[in-house]
Amino acid sequence: MTFVPVAAVRAGGGFGRSPEKGGEIPGGGGGVVNRPVGMFVIKDGDVRWRPALDLNRLILGGQILAGLALIVYAVTRRPR
């Protein structure tokens with residue numbers, strides 16, 4: 001069996017000079033964010049895709065749904 005992991009990767013960076021002291025102070029920075037997407041599983045010549053479970057996204061979606069439900073409940077039960 002062979003496992004091939006797949007991830008979504010984003011990277012960025014930049015550099016510049018400080019306006020203080022006539023632009024003599026250089027600086028820079030960067031960052032990388034990666035998130036697992038899933039993996040390909042290869043067994044006996046058969047390839048299957050297994051998506052990764054993003055628990056953080058699942059929890060956030062549940063919180064948003066619960067918040068919307070509470071808003072709808074509050075608006076519909078408001079005294080007139």
Side-chain angles (χ1 to χ4, degrees):
M1 221 187 266
T2 304
F3 300 99
V4 182
V6 180
V9 179
R10 291 183 288 175
F15 61 92
R17 293 191 177 271
S18 171
E20 298 176 7
K21 296 184 181 180
E24 297 174 6
I25 304 172
V32 177
V33 176
N34 61 15
R35 172 176 70 80
V37 177
M39 73 171 52
F40 289 105
V41 179
I42 305 169
K43 180 179 179 183
D44 299 329
D46 186 31
V47 179
R48 293 183 186 251
W49 171 252
R50 300 289 185 206
L53 174 64
D54 189 350
L55 192 56
N56 289 332
R57 185 175 283 186
L58 186 66
I59 290 171
L60 179 62
Q63 290 173 338
I64 291 171
L65 186 62
L68 287 174
L70 287 173
I71 291 170
V72 168
Y73 178 78
V75 168
T76 59
R77 299 294 181 196
R78 185 177 57 187
R80 296 177 189 210

Query raised in the report: Can you list every pair that meets salt bridge (Lys or Arg N to Asp or Glu O under 4.0 Å) and has a residue in residues 36-49, with sequence neighbours left out?
Result: D46-R48
Query - ring-ring contact (aromatic ring centres under 6.0 Å, His included): pairs with one or both residues in residues 24-50, sequence neighbours excluded - result: F40-W49
**Report entry** Heavy-atom pair of closest approach, residues P36 and A52
**Finding:** O-CB, 4.0 Å
Please name all residues satisfying side-chain contact (heavy atoms from CB on, under 4.5 Å) with [X], sequence neighbours left out, ordered by chain then number.
X: R10; answer: V33
X: L55; answer: L58, I59
X: A11; answer: V32

For residues 60-76, which side-chain N or O atoms pair as donor and acceptor with protein atoms under 3.5 Å away, sequence neighbours left out?
from : atom 1 : to  : atom 2 : distance (Å)
T76  : OG1    : V72 : O      : 3.0
T76  : OG1    : Y73 : O      : 3.2

Query raised in the report: Looking at residues at least two apart in the chain, or sitting in another chain, which of them share a side chain to side chain donor-acceptor pair (under 3.5 Å) with N34?
Result: none
Report task. Would you mind listing the cluster partners of M39? Hydrophobic ones only (ILVMFWY), side-chain contacts under 4.5 Å, chaining allowed. Result -> M1, F3, V41
